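What you see is a predicted model; the values in this text were computed from it and never measured. Below, chains carry the letters A, B, ... as their sequence lines are ordered, and counting in each starts from 1.
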Amino acid sequence: MELVDYLWGIVLFALFLTCILFVTFGQITVRKLRKNTTTKESLGVEFASGWDILNVAEALALPKVITDRFEGSPISVMFASADVLRKNTNTFDKVLAALFFWLFVFTGVSLLVLSLYMTLFVD
Amino acid sequence: MATALMCEKPTAVSSLNHRCDLQSTESIQTVTCEIPTTLSPYTPYLVGDYSRPQDRGIINPLASMPQSSAKNLMGLVSEFGEDKTVAIAQVMSGLSNPYSTAGMGAATSVYGGRVTGFVGAVKAYEAALKQHKQAISYPGGRQMSKVRIQRAHQKMVKQFNLEVELATAGKKIRKGHPLMNATRARHIAESGRTVAKLELISQLEAQNLVNFSKYTQHLGNGLAVIDFTGRVGSIHNTYKAGGNWEKKMFIEASGFAAGAVMGSLAVKGGLALLTLATPMGWIFLISAGIAITAAAAGASMVVDHQAKKAADRLYDPILDWINSLWN
């Protein structure tokens, strides 16, 4: 069991947590937002089923500076509307969103880095 | 050009004349040139008075198809019809082929016209989305914008269906439209689609059809689940071969989850990068969108492959560790 195997173990565990958090966040927060008439239209474009969960997490977890840039761009329709969402969620939702989103980013980036390392330097 | 026949239940050759439009003079042969009295289910047979060696080659991919895929194929044919299934298989092969734009080759000048039509519809759809933001600030604007978006979306879907229609047009002209030919309509209704008569122009068409039925599950009611990488199939094959299928399932599931997370992050990141850069026109956006999708797909495939290898190595240590927690 070399170092890289332990790293893979950590990343796979993070992947497992990400998927679980994806479902919990979707059920706890996003379902509520989908039903609420004020927020129903502001969840961004749903490329695939469940994509609006990612949109909402992004909107709630990213700092205001970045979400304002998203709002001002020509393709702002594709993103969830952060201002509207922040008004209609409580602190627990925001914490859960931040947890999920940053774990999601960490998992994705580590997967990419590890895979690139394995492809280029091992085998 | 070959006509292949496949049925779901053992069928006597004599009863076939009334179903599926066969003239009594046309003979039916197996792949190995024998003449059967009863057709066994899920095997392809060659129909015709004569068959050149090339035609025989056309149904070879169908003959080497596993029975689960053959069952899928029959389900799809009964749902969508023979011509449409072949056409959809053609269109899907273009989509799932990562080098499809390069492969258009000599046909590009003809295909170019159709691509404009579809891309034009996509552009109109995106323009409608873009105007939505401004529209909702006007009273009554939200409803109007919604209608515009819906119409643009329908146009886009229509264009895609046109692609499929064009692929089936050639075949329809030969056979005649069912509504124009009452006898044919009656035959189709009576046969209940337990017998499929597939008209294939080339071996490539047959191969695309086989690939399509491998990764598509027919669920009935017009629903087909398309699993682009046939993961479930490989787990099932391991189970049937008596291998360690639990391990295979862990490996495939890890690969899928890793690829999915990686891919969705790549798309999200790509979109975010697009906005954080300077504002740009829609044509650039489409090509950038394609680039993002291609990058996401490529990254997803690499990650999937590596995650599967890692899961393979880690399965036994993980199980040992879990067991050690008990003892």
Side-chain angles (χ1 to χ4, degrees), chain A residues 1-2 4-16 18-20 22 41-42 44-45 47-48 50-51 53-55 57-58 62 65-79 81 101 103-120 122-123, chain B residues 126-134 136 142 145-146 149 250 253-269 271-272 274-282 285 288-289 293 296 299-318 320-321:
Chain A
M1 282 279 281
E2 310 162 21
V4 77
D5 286 334
Y6 284 108
L7 287 176
W8 268 115
I10 295 173
V11 171
L12 285 182
F13 181 64
L15 176 67
F16 183 64
T18 305
C19 294
I20 292 185
F22 177 74
E41 308 287 313
S42 335
V45 163
F47 293 117
W51 203 273
I53 300 175
L54 296 177
N55 287 341
E58 188 186 39
L62 287 175
V65 185
I66 299 187
T67 52
D68 285 344
R69 289 286 294 271
F70 288 165
E71 288 289 304
S73 80
I75 53 170
S76 59
V77 173
M78 294 200 189
F79 297 94
S81 168
F101 185 72
L103 189 65
F104 170 66
V105 171
F106 167 73
T107 315
V109 171
S110 339
L111 275 172
L112 186 62
V113 168
L114 261 181
S115 305
L116 282 177
Y117 171 74
M118 297 293 286
T119 323
L120 293 174
V122 181
D123 299 344
Chain B
E126 284 172 322
L129 283 177
K130 176 184 173 184
Q131 286 159 16
H132 182 74
K133 195 100 208 293
Q134 284 110 327
I136 53 178
R142 178 185 289 273
S145 180
K146 235 175 127 172
I149 290 177
F250 177 75
S254 309
F256 176 75
V261 166
M262 177 58 236
S264 48
L265 183 68
V267 173
K268 273 242 146 275
L271 271 180
L274 265 184
T275 50
L276 295 181
T278 52
M280 59 214 53
W282 282 101
L285 207 59
T293 321
S300 184
M301 286 195 283
V302 167
V303 166
D304 169 58
H305 177 65
Q306 290 297 341
K308 283 209 275 226
K309 282 167 72 173
D312 197 347
R313 281 199 315 272
L314 291 176
Y315 180 73
D316 295 314
I318 288 177
D320 292 336
W321 176 71

Least distance between heavy atoms, G108(A) atom then L265(B) atom: CA-CD2, 3.5 Å

Closest-packed option against chain B by number of heavy-atom pairs under 4.5 Å, given V45(A), L62(A), N55(A): N55(A)

Spacing of K268(B) atom NZ and L54(A) atom CG [to the nearest 0.5 Å]: 6.0 Å

Region of L112(A) in contact with chain B, defined by heavy-atom distances below 4.5 Å: both

From CD (Q306(B)) to OH (Y117(A)), nearest 0.5 Å: 11.5 Å

Nearest heavy-atom neighbours spanning V267(B) and W51(A): CG1-CZ2, 3.7 Å

Contact origin within V11(A) toward chain B - heavy atom pairs under 4.5 Å: neither

Contact class of L15(A) relative to chain B, heavy atoms under 4.5 angstrom: side chain

Contact summary for A310(B) and W8(A), nearest pair of heavy atoms: CB-CD2, 3.4 Å

CZ on F13(A) to CG on L314(B), rounded to 0.5 Å: 14.0 Å

L12(A) CG to Y315(B) OH distance, which is reported to the nearest 0.5 Å: 14.0 Å

Region of S264(B) in contact with chain A, defined by heavy-atom distances below 4.5 Å: both

